[in-house]
Structures are given as structure tokens and as C-alpha cells.
**Q** 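Would you mind keeping the following structure in view while I ask a few things?
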Amino acid sequence: MIEYMSKPFSEEESLESLNTFVREWFVKNFKGLTPPQRFAFKLIHERHNVLITAPTGSGKTLSAFLSIISNLFDYSMAGKLEDKVYCIYVSPLRALNNDIYKNLAKPLEEIYQSIASKKGSEQLKKVTIAVRTGDTTQKERRDQLAKPPNILVTTPESLAIIL
């Protein structure tokens with residue numbers, strides 16, 4: 001059954017659902033939550049299926065990913081992050097896949113560095129991301145098979161081949 005949200009969560013409720021370091025990174029880099037983020041963060045954190053429709057530039061990508069990234073850093077900090085795929089992002093456009101990679105790689109590194117500087121990096125594993133499309137080299141494919149990324153960004157065709 002499909003349910004529509006009529007009212008977003010408060011900014012406080014939404015941000016409370018994030019890992020402390022992810023929340024700090026977000027607050028440092030953004031002035032506040034966009035409407036899609038106020039609707040999505042808490043629901044995704046609670047593992048609900050969410051469909052986000054909003055205009056370009058409204059924060060949909062972070063709406064979808066930040067709770068997942070938060071969970072992955074929770075796993076890393078607990079020493080439970082494995083070399084396996086936890087999240088698959090599927091887009092029919094290779095260019096969009098590369099943009100998603102670029103837009104997530106920097107925050108992943110910045111959050112990792114923040115945690116490592118405050119908690120140490122002895123047991124802390126980096127949350128990894130990779131793109132898999134028809135353009136992915138054989139070496140990159142072998143590397144992804146040997147050590148899968150935590151977040152895989154791919155096309156429908158490449159996903160079908162992987163499966």
C-alpha cells in the first residue's frame with residue numbers, strides 16, 4: 001500500500017536520525033534541510049521504502065543517500081563494515097552515474113577524516129563507492145569483484161550482467 005506523507009519531520013527529528021559525524025558534516029556544509037530531506041531522512045533511517053519526487057537541485061540525492069551513508073559509518077565505527085555492497089544506485093545515464101560518484105566521494109572522504117581525527121583510524125574502514133558501467137575496465141571489474149564497494153553506482157544493463 002502506498003502512503004503519502006502530508007507533513008515533513010522537523011529539522012531536529014530528521015538530523016537526529018543521522019550518525020553524529022554525518023550530521024556534523026551536513027550542518028557544516030548546508031544551511032538547512034530541503035523539503036525532500038525533511039521528508040526522507042528519518043523514513044530511510046527507519047528502513048522504509050521511499051519514493052522522492054522533487055525538482056532538480058532540491059537535495060534528492062542527499063535525501064536518498066545520507067541515511068544510508070550514516071548507517072555505513074555506524075558499521076565502520078563498530079568494526080562491522082564488510083567489503084560488500086550495501087547500496088545499489090541504478091541510473092540509465094552513465095553521465096549521471098559519474099556525477100553521483102563525484103558528489104558522494106568527497107563527503108565520504110570528509111566524514112571519514114572527521115571520524116579518524118577524533119576517534120582514530122585503527123579499526124575504522126573507509127566507506128567505499130564505485131561505478132560499474134559498460135565503460136568500466138576489466139581491471140576495475142576484477143578489483144570490484146575482489147573487494148566490492150559498499151555503494152555501487154551502475155546502469156540497468158550492467159546490473160543485469162552482474163546478477
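We count residues from 1, following the sequence as given.
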**Q** Starting at CG of L72, measure out to CG of N19 and round the result to the nearest 0.5 Å.
**A**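 Going from the CG atom of L72 to the CG atom of N19 covers 10.5 Å.
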
**Q** Among the clusters formed by ILVMFWY side chains lying less than 4.5 Å apart, do I68 and L81 turn up in the same one?
**A**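 Yes; tracing contacts between hydrophobic side chains, which count when under 4.5 Å, links both residues.
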
**Q** Looking only at heavy atoms, what is the nearest atom pair of A130 and Q144, with distance?
**A**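 Closest approach of A130 to Q144, heavy atoms only: CB-NE2, 3.5 Å.
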
**Q** So how far is it from M77 CE to I115 CD1, rounded to the nearest 0.5 Å?
**A**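 M77 CE to I115 CD1: 5.0 Å, rounded to 0.5 Å.
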
**Q** What is the distance from atom CG of L43 to atom OG of S67, rounded to the nearest 0.5 Å?
**A**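 Taking CG in L43 and OG in S67, the distance rounds to 9.0 Å.
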
**Q** Just so I know, are the side chains of F65 and N103 near enough to count as touching, which here means a heavy-atom distance under 4.5 Å?
**A**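 In short, these two side chains do not touch, never coming nearer than 4.5 Å.
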
**Q** Do V85 and I161 land in one hydrophobic cluster if side-chain heavy atoms of ILVMFWY residues count as linked below 4.5 Å?
**A**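 No, because V85 and I161 fall into different hydrophobic clusters, even though each may have its own neighbours under 4.5 Å.
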
**Q** So does Y101 have more than 12 non-hydrogen atoms from other groups sitting under 6.0 Å from OH?
**A**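 No, OH of Y101 has 12 or fewer neighbouring heavy atoms, counting only those of other groups under 6.0 Å.
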
**Q** Please confirm whether the backbone N or O of A116 pairs with a side-chain atom of S121, one donor and one acceptor, at under 3.5 Å?
**A**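 Here the side-chain-to-backbone pair does not exist.
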
**Q** Once rounded to the nearest 0.5 Å, what's the spacing between atom SG of C87 and atom CD1 of I151?
**A**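 So the SG of C87 and the CD1 of I151 are separated by 5.5 Å.
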
**Q** Atom OG of S14 and atom CG of L33: how far apart are they, to the nearest 0.5 Å?
**A**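 It is 5.5 Å, given to the nearest 0.5 Å.
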
**Q** Could you pull out all residues at least two apart from D83 that satisfy side-chain hydrogen bond (donor to acceptor under 3.5 Å, both in side chains)?
**A**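 Applying side-chain hydrogen bond (donor to acceptor under 3.5 Å, both in side chains) to D83 gives K125.
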
**Q** Looking at side-chain heavy atoms only, is the closest gap between V153 and L104 below 4.5 Å?
**A**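 No, every pair of side-chain atoms sits at 4.5 Å or beyond.
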
**Q** Could you check if a side-chain atom of W25 sits within less than 4.5 angstrom of a side-chain atom of L18, using non-hydrogen atoms only?
**A**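 They are not in contact (no side-chain heavy atoms under 4.5 Å apart), so the answer is no.
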
**Q** Which pairs, with at least one residue in residues 136-153 and sequence neighbours excluded, count as a salt bridge (Lys or Arg N to Asp or Glu O under 4.0 Å)?
**A**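 Applying salt bridge (Lys or Arg N to Asp or Glu O under 4.0 Å) to every pair that reaches into residues 136-153, excluding sequence neighbours, yields K139-D143.
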
**Q** Only one of V131, I162, I129 clears side chain to side chain contact (heavy atoms under 4.5 Å, CB included) with L152; which?
**A**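 Result for side chain to side chain contact (heavy atoms under 4.5 Å, CB included) with L152: I162.
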
**Q** So, for T154 and L159, which heavy atoms are closest and what is the spacing to 0.1 Å?
**A**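 Looks like OG1-N, 3.8 Å.
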
**Q** Can you check whether L124's main-chain N or O pairs, donor with acceptor, with S76's side chain at less than 3.5 Å?
**A**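 Not confirmed, S76 side chain does not pair with L124 backbone.
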
**Q** Any donor-acceptor pair under 3.5 Å linking the side chain of T133 with the backbone of T155?
**A**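 Such a contact is absent between T133 side chain and T155 backbone.
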
**Q** Pairs in or reaching into residues 16-40: which pass salt bridge (Lys or Arg N to Asp or Glu O under 4.0 Å), with residues at least two apart or in two chains?
**A**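 Salt bridge (Lys or Arg N to Asp or Glu O under 4.0 Å) check on residues 16-40 returns E24-K118.
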
**Q** Any salt bridge (Lys or Arg N to Asp or Glu O under 4.0 Å) involving residues 3-15? Give me the pairs, sequence neighbours left out, ordered by first then second residue.
**A**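 Found none.
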
**Q** Please list all pairs meeting salt bridge (Lys or Arg N to Asp or Glu O under 4.0 Å) that have one or both residues in residues 41-68, counting only residues at least two apart or in different chains.
**A**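 Non-adjacent pairs meeting salt bridge (Lys or Arg N to Asp or Glu O under 4.0 Å): K42-E46.
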
**Q** Using the ring pair (Phe, Tyr, Trp, His ring centres under 6.0 Å) rule, collect all pairs that involve residues 32-56, keeping only residues at least two apart or in two chains.
**A**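 Qualifying pairs, neighbours excluded: F26-F41.
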
**Q** To the nearest 0.5 Å, what is the distance between OH on Y112 and CZ on F73?
**A**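 Taking OH in Y112 and CZ in F73, the distance rounds to 9.0 Å.
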
**Q** With a cut-off of 6.0 Å (strictly less than), are more than 12 heavy atoms of other residues, nucleotides or ligands near CD1 of I2?
**A**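 No, not enclosed.
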
**Q** Which class fits the ring pair Y75 and Y86: parallel under 30°, tilted 30 to 60°, perpendicular over 60°?
**A**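 Tilted, since the angle between the ring planes falls between 30° and 60°.
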
**Q** Can you see which heavy atom on V50 is nearest to which on A40, and at what distance?
**A**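 Taking V50 first and A40 second, the nearest heavy atoms are CG1-CB, 4.4 Å.
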
**Q** Looking at G134 and S158, what are the two nearest heavy atoms and their distance?
**A**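 Residues G134 and S158, closest heavy atoms: N-OG, 3.5 Å.
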
